[in-house]
Amino acid sequence: MHRKPSQLNLIRIDSVKQGRIWLDNVHCSGRERTLAQCKSNGFGVSDCKHSEDVGVVCNQRRIPGFKFISSFTNSVESLNVQLEEVRIRAISSQRKRVPITEGYLEVKDGGKWRQICDEEWTEMNNRVICGMYGFPGEKGYNTKVYKLLAKRRKKNYWDFGVNCTGNEASLHGCKLGRKVELKGNATCEKGMPVVVSCVPGRAFAPSHAQGFSKAYRVEQPLVRLRGGANIGDGRVEVLKNGEWGTVCDDSWNLKAASVVCRELGFGSAKMALAGGRLGQGMGPVHMNEVECSGFEKSLTECYFNRDALGCSHEEDAAVRCNVPAMGFQNKLRLSGGRNPFEGRVEVLAEKNDSLVWGTVCSDSWGTMEATVVCRQLGLGFASNAFQETWYWPGDVRADDVVMSGVRCSGTEMTLAQCLHHGKHLHCPQGGGRFAAGVSCSESAPDLVLNAQVVEHTTYLEDRPMYILQCANEEHCLSSSAAIATPSSYRRLMRFSSQIHNNGQSDFRPRAAHNSWVWHDCHRHYHSMEVFTHYDLLSLNGTKVAEGHKASFCLEDTQCEEGIEKRYECANFGQQGITVGCWDTYRHDIDCQWIDVTDVVPGDYIFQVVINPNYEVAESDYTNNIMKCRCRYDGHRIWTYNCHIGETG
């Protein structure tokens with residue numbers, strides 16, 4: 001029998017979905033001291049499932065004056081130590097460097113910053129500090145400089161030493177060391193204040209305050225993150241035998257998650273997420289029951305069970321990593337929006353030897369550029385990119401354009417890392433009402449094509465031209481069809497497409513319902529101008545045949561167990577693909593083909609790209625492409641080695 005809690009005075013953040021659901025329909029004003037003070041259905045009154053469990057990601061910086069009751073415990077006696085904040089204080093010559101990787105370690109206790117005596121300080125302690133600040137490793141430093149500085153300034157030591165194992169997510173998880181005897185200037189006679197020196201990941205190499213010249217490209221030969229809204233977040237995927245696969249969440253914990261984070265150039269993990277929390281992958285599950293010591297160089301060095309029997313993508317493991325404080329959010333802002341997640345994009349730029357806020361020219365502004373803005377501000381995924389923002393009254397002092405010609409690949413950490421015109425601005429329409437804008441969202445869809453379905457359903461059909469008139473009107477045939485006689489035949493490479501939404505929100509067409517285009521020939525509405533591209537390429541990548549495919553309609557053909565269909569095309573219905581559902585275009589419908597009439601026999605690459613123009617924002621575009629090897633002998637066609645993404 002479950003006991004009802006008399007009061008909610010203890011809350012924990014957990015990745016395991018089990019047990020009773022205590023609260024539902026919680027509404028807080030933000031002023032409550034505990035969750036129990038918020039309005040709700042009452043304890044234990046809920047119609048929720050664990051698939052609806054909520055979570056939080058807290059800012060590491062605490063409210064001023066807040067006293068954190070640490071879990072520091074001594075092996076001799078249990079102590080409660082009030083520790084408010086931890087910082088690395090750089091010496092004056094390094095304070096302008098970004099990020100700060102070296103300096104005195106200080107803790108805030110009782111409102112005062114205090115140093116820690118290094119007499120019993122260990123490399124494991126350094127490892128934990130560097131990890132919590134987003135750095136994968138630690139290194140030595142010039143002790144002479146710090147000893148000299150320590151002699152010159154007054155010291156204020158903390159009462160305790162610290163004893164870490166090296167696997168803690170932050171200093172708060174370490175045990176207390178020996179109590180330090182405070183003796184004024186004689187305190188820590190044999191030592192000096194602790195200095196920490198960290199090694200940043202390649203993407204966060206220190207630079208001067210003006211920023212970065214290189215974009216965010218993490219070296220990740222065997223492990224990668226996908227589907228995360230922010231830098232250092234994502235579903236864990238592993239490369240095995242040339243194919244990317246996921247990790248099952250059985251036994252998934254912070255040790256394993258930290259190995260992943262450090263391997264990718266981040267710090268320790270702040271969260272080990274289970275249950276497909278950052279979207280579900282496709283393909284095989286490569287690893288199960290992963291067990292790491294926490295000190296492995298790669299996740300592939302950890303013990304794991306190769307048998308993933310019983311694991312589904314609903315159990316895909318994910319991580320949230322500690323990343324360095326880069327100050328990116330201070331150089332960009334959204335202005336005039338109805339909420340903090342939308343508005344006109346304003347950039348802090350140098351003009352006449354001073355820093356001023358200005359707008360971004362909206363020429364060529366699109367989803368990829370909006371994606372980088374939302375990431376830089378820590379606001380999640382891009383929802384929309386706007387080329388007019390007259391309806392958002394921004395700061396009139398920031399109307400002038402300070403950035404133009406912006407082109408992003410979508411992988412950059414900041415807008416400044418994208419290609420742009422630099423000091424030579426070119427924006428004929430000007431800023432103001434035509435300034436670039438964005439709206440961001442905490443979640444996004446993620447479309448993935450089922451490669452196996454394509455591979456298993458491909459075949460050739462010869463079809464007479466006289467029954468292909470509708471398809472010809474919709475440009476689904478090659479250009480030679482324009483001069484073909486009604487009695488001639490077209491050779492069509494047919495196949496089925498099964499497109500899954502593995503993201504965290506529904507995939508909806510960008511165009512409003514009233515702007516969809518009616519196609520009388522096929523008696524349906526097009527909600528997107530282009531939904532997929534079907535191409536046949538030579539082995540060197542040249543197009544030999546293409547099948548430009550507009551979206552017939554987007555609907556839920558089928559869904560996973562327990563998920564209801566929400567979208568259907570009939571009767572001018574709402575179009576989209578629900579999370580956990582898929583839209584199937586059968587091989588026997590019009591335009592579900594490539595016209596290969598003019599293709600000569602040989603070996604080719606068959607390519608399908610979903611949402612090719614990035615018209616709708618997604619959490620991951622790298623899985624929108626599918627490639628197969630293809631052999632055509634003039635009579636039959638074979639497709640094989642179909643895979644998602646660029647890696648074969």
Side-chain angles (χ1 to χ4, degrees), residues 282 366-368 409-410 445-455 457-458 460 468 470-481 490-501 507-511 517 519 522 524 526-554 575-577 582-587 589-599 604-618 620-630 632 637 639 641-648:
M282 290 285 283
T367 303
M368 286 305 188
S409 68
D446 182 21
L447 296 188
V448 187
L449 183 66
N450 189 323
Q452 283 188 320
V453 169
V454 174
E455 187 169 332
T457 57
T458 306
L460 290 179
L468 291 172
C470 276
N472 199 26
E473 286 180 22
E474 296 195 6
H475 310 290
C476 295
L477 301 175
S478 62
S479 56
S480 64
R490 307 302 296 180
R491 176 155 290 181
L492 308 175
M493 175 182 165
R494 284 189 172 274
F495 53 92
S496 294
S497 295
Q498 190 182 95
I499 299 167
H500 294 244
N501 182 0
F507 184 93
R508 298 296 311 280
R510 183 180 175 184
V517 180
H519 281 247
H522 280 132
H524 59 240
H526 284 193
S527 59
M528 288 177 66
E529 185 180 346
V530 179
F531 181 52
T532 53
H533 278 170
Y534 300 151
D535 297 303
L536 198 64
L537 313 174
S538 67
L539 296 184
N540 66 9
T542 306
K543 285 185 183 180
V544 295
E546 61 182 278
H548 169 109
K549 178 175 172 23
S551 168
F552 283 173
C553 73
L554 295 171
Q575 294 190 24
I577 307 175
W582 54 92
D583 189 0
T584 301
Y585 294 92
R586 284 176 50 89
H587 57 82
I589 67 171
D590 257 6
C591 294
Q592 190 59 33
W593 62 57
I594 293 178
D595 184 352
V596 295
T597 306
D598 306 317
V599 175
Y604 298 98
I605 296 169
F606 171 33
Q607 177 178 283
V608 178
V609 184
I610 308 168
N611 192 17
N613 300 334
Y614 313 118
E615 194 174 326
V616 177
E618 296 186 51
D620 184 6
Y621 290 109
T622 63
N623 57 15
N624 283 30
I625 186 170
M626 184 216 70
K627 290 186 177 182
C628 304
R629 290 298 301 270
C630 184
Y632 173 48
I637 199 159
T639 52
N641 289 349
C642 293
H643 61 273
I644 298 297
E646 294 290 348
T647 305

Kindly indicate whether the side chain of I644, heavy atoms from C-beta on, has any atom under 4.5 Å from the side chain of I625.
no
Decide yes or no on side chain to side chain contact (heavy atoms under 4.5 Å, CB included) for Y585 and T532, but give the supporting numbers first.
CA-CA 11 Å; Y585 294 92; T532 53; over 6 Å; no
Any donor-acceptor pair under 3.5 Å from N641 side chain to R629 backbone:
no
Are the side chain of N540 and the backbone of T542 linked by a donor-acceptor contact shorter than 3.5 Å?
yes
Taken to the nearest 0.5 Å, the spacing of F507 CZ from I610 CD1 works out to 8.5 Å
For the pair T639 (side chain) and T458 (backbone), establish whether a donor and an acceptor sit closer than 3.5 Å, ignoring hydrogens and angles.
no
V530 to P612 - nearest heavy-atom pair and separation
CG1-CG, 3.8 Å
Let me see the working for N623 and M282 under side chain to side chain contact (heavy atoms under 4.5 Å, CB included), right down to the final yes or no.
CA-CA 9 Å; N623 57 15; M282 290 285 283; over 6 Å; no
Would you compute the distance between atom CH2 of W593 and atom CZ of R491 and round it to the nearest 0.5 angstrom?
15.0 Å
Between N613 and E615 (side chain of the first, backbone of the second, donor and acceptor by atom type, cut-off under 3.5 Å), is there such a pair?
no
Side chain of D535, backbone of Q607: donor and acceptor closer than 3.5 Å?
no
Kindly assign one of parallel, tilted or perpendicular to the pair Y534 and F495, based on the angle between their ring planes and the thresholds 30° and 60°.
perpendicular
Return yes if some donor-acceptor pair links the side-chain N/O of R494 with the main-chain N/O of T457 below 3.5 Å, else return no.
no
Looking only at heavy atoms, the pair that brings G410 and M368 closest together is CA-SD, 3.8 Å
Stepwise, does the side chain to side chain contact (heavy atoms under 4.5 Å, CB included) test hold for N450 with W582?
CA-CA 10 Å; N450 189 323; W582 54 92; over 6 Å; no
Closest non-hydrogen contact found for N472 with A481 is OD1-CB, 3.9 Å
Can you tell me how far CD1 of I577 sits from CZ of R508, rounded to the nearest 0.5 angstrom?
11.0 Å
Please report the shortest heavy-atom distance between G541 and L537, naming the atom on each side.
O-CD2, 4.0 Å
Is L536 close to K543 at the side-chain level, that is, under 4.5 Å between some pair of heavy atoms?
no
Say you draw a straight line from CG of L477 to CZ of R490; how long is it, rounded to the nearest 0.5 Å?
6.0 Å
Find out whether D595 and C476 are in side-chain contact, i.e. whether some heavy atom of one side chain is under 4.5 Å from a heavy atom of the other.
no
Verdict with supporting geometry, Y632 and L460, side chain to side chain contact (heavy atoms under 4.5 Å, CB included):
CA-CA 10 Å; Y632 173 48; L460 290 179; 3.6 Å; yes
So which heavy atom on I594 is nearest to which on A545, and how close?
CG2-CB, 3.7 Å
Shortest non-hydrogen separation from V454 to L449 and the atoms involved
CG2-CD2, 3.9 Å
OG1-OH distance between T367 and Y621, expressed to the nearest 0.5 angstrom
5.0 Å
Is there a side-chain contact between L554 and P509 in this structure, where contact means two heavy atoms from C-beta onward sitting under 4.5 Å apart?
yes
Using 0.5 Å steps for rounding, measure from the OG1 atom of T584 to the CD1 atom of I499.
8.5 Å
